[in-house]
Amino acid sequence: MNTRTKLIHSGKDRDPYTGASSIPIYQTSTFAQPDPEHPGPYDYARSGNPTREALEHTLALLEGGTHGFAFSSGMAATSSVLLLFKPGDHLVVGQDIYGGTYRVLTGLFKQWKLDVTFADSTNPESIRKAITPATRALFVETPTNPLLHITDLRSMVKIAREHTLLAITDNTFMTPYLQRPLELGFDIVVHSATKFLGGHSDLIAGVAVTREETVGHHLRAIQNAFGAILGPQDSWLVQRGIKTLGVRMDAQQKTAATLATWLSGHPAVGAVHYPGLKTHPGRAIHESQASGSGAVISFELQGKPEVLKLLKQTQLTLPAVSLGGVESILSYPAMMSHAAMPRPERLARGITDGLVRLSVGLEAADDLIADLDSALTVTRE
Ligand SMILES: *Cc1c(COP(=O)(O)O)cnc(C)c1O
């Protein structure tokens with residue numbers, strides 16, 4: 001089945017009791033067990049809830065995995081996945097990883113004695129060199145946040161297989177509509193469903209999907225024990241969001257491509273980073289592993305004063321953290337998503353004081369261009 005169809009018909013798309021066209025919000029904590037010797041499918045809602053289960057089923061189907069899991073946030077999903085490892089284990093992590101993932105690895109999981117080496121995932125040799133006898137997994141993103149660098153997923157799988165490592169990726173920017181890493185051999189995909197999957201900037205949620213049964217069973221035990229589950233109301237909202245993921249993504253990435261080209265020619269703008277641009281160094285690899293360029297762009301202004309003016313001047317785009325909503329969102333990584341990263345570290349990774357990230361929404365391209373043009377003109381005054 002085409003992914004567009006799977007977004008609508010996920011197998012658990014009708015309520016078995018009433019025929020309702022969506023699985024209802026089972027707002028309950030517990031389920032009656034009149035005969036404990038023959039328990040039903042549900043007992044306590046941390047362990048299982050029909051609304052969350054319908055979403056988890058959809059996620060597994062879309063990513064092409066065995067088990068899907070819905071968590072209370074993207075960070076809860078990532079942190080629960082990291083609990084698969086033990087103190088003393090070592091991970092090789094892409095250096096352009098999401099800021100919150102960097103923080104949890106260098107803070108909380110450092111206390112837990114999980115060792116991490118950050119390496120340049122755009123260069124497979126650099127990942128390979130970081131592997132030690134204690135390494136248990138690779139954790140990478142592509143395209144990365146906020147510079148849209150491309151990681152070759154097939155090379156990562158090859159390295160992981162050679163060293164018997166779990167290959168983990170955060171697929172938030174692409175979604176399973178555009179990129180399905182498990183089909184290329186990755187073991188675990190995580191998402192912030194807060195972004196494109198939910199799609200409306202109205203909830204916080206996270207996702208993990210596993211390729212193999214055994215890893216899935218281990219993660220199920222962690223989800224149940226650690227308990228960072230997604231509630232039924234938000235599970236329903238994510239499921240609802242997913243139904244329009246295809247049409248949203250198609251429209252948003254079309255506008256993103258138009259804006260990336262337009263920004264490249266703007267006198268106030270330096271480099272533009274977008275995998276769909278001909279000038280993007282990772283374009284060929286990206287096209288070999290994903291079916292679209294996505295809806296996130298980043299670009300350089302001269303420096304912090306220009307960025308601050310742009311954020312104040314724009315009328316249409318929401319100056320905020322986050323991405324993947326129906327509204328365009330303009331973020332300032334240096335002071336928002338990557339504020340937790342020390343400045344020298346941030347600069348070393350190319351996240352300059354003039355870098356802006358734009359998540360393109362569903363507004364008309366012409367209106368976005370007019371708004372950004374007048375705001376960018378003010379930055380040059
Ligand atoms: C937002 C984000 C996260 C964290 O997700 P939350 O839902 O905010 O906890 C993780 N990875 C990426 C790439 C993100 O954009």
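Numbers here are sequence positions counted from 1. Note that these values count all heavy atoms, side chains included, but never hydrogens, waters or copies made by symmetry. Start at 1 and go down the list; that is how both ligands and their atoms are numbered.
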Check your understanding: Does F118 have its ring centroid less than 6.0 Å away from the ring centroid of Y102?
Key -> yes

Review point. Do H217 and H67 have ring centres separated by under 6.0 Å?
Key: yes

Does a salt bridge link [X] with [Y], judged by any charged N lying under 4.0 Å from a carboxylate O?
{"X": "D353", "Y": "R343", "answer": "yes"}
{"X": "E125", "Y": "R128", "answer": "yes"}
{"X": "E162", "Y": "K158", "answer": "yes"}

So what's ligand 1 close to, N/O to N/O, under 3.5 Å?
residue  : atom   : partner : partner atom : Å
ligand 1 : 5 (O)  : S192    : OG           : 3.0
ligand 1 : 7 (O)  : G74     : N            : 2.9
ligand 1 : 7 (O)  : S192    : OG           : 2.8
ligand 1 : 7 (O)  : T194    : OG1          : 2.7
ligand 1 : 9 (O)  : G74     : N            : 3.0
ligand 1 : 9 (O)  : M75     : N            : 2.9
ligand 1 : 11 (N) : D170    : OD2          : 2.6
ligand 1 : 15 (O) : K195    : NZ           : 2.7

Exercise for review: Any pair with a residue in residues 7-32 that passes salt bridge (Lys or Arg N to Asp or Glu O under 4.0 Å), sequence neighbours left out, goes on the list, sorted by first then second residue, please.
Suggested key: K12-E53

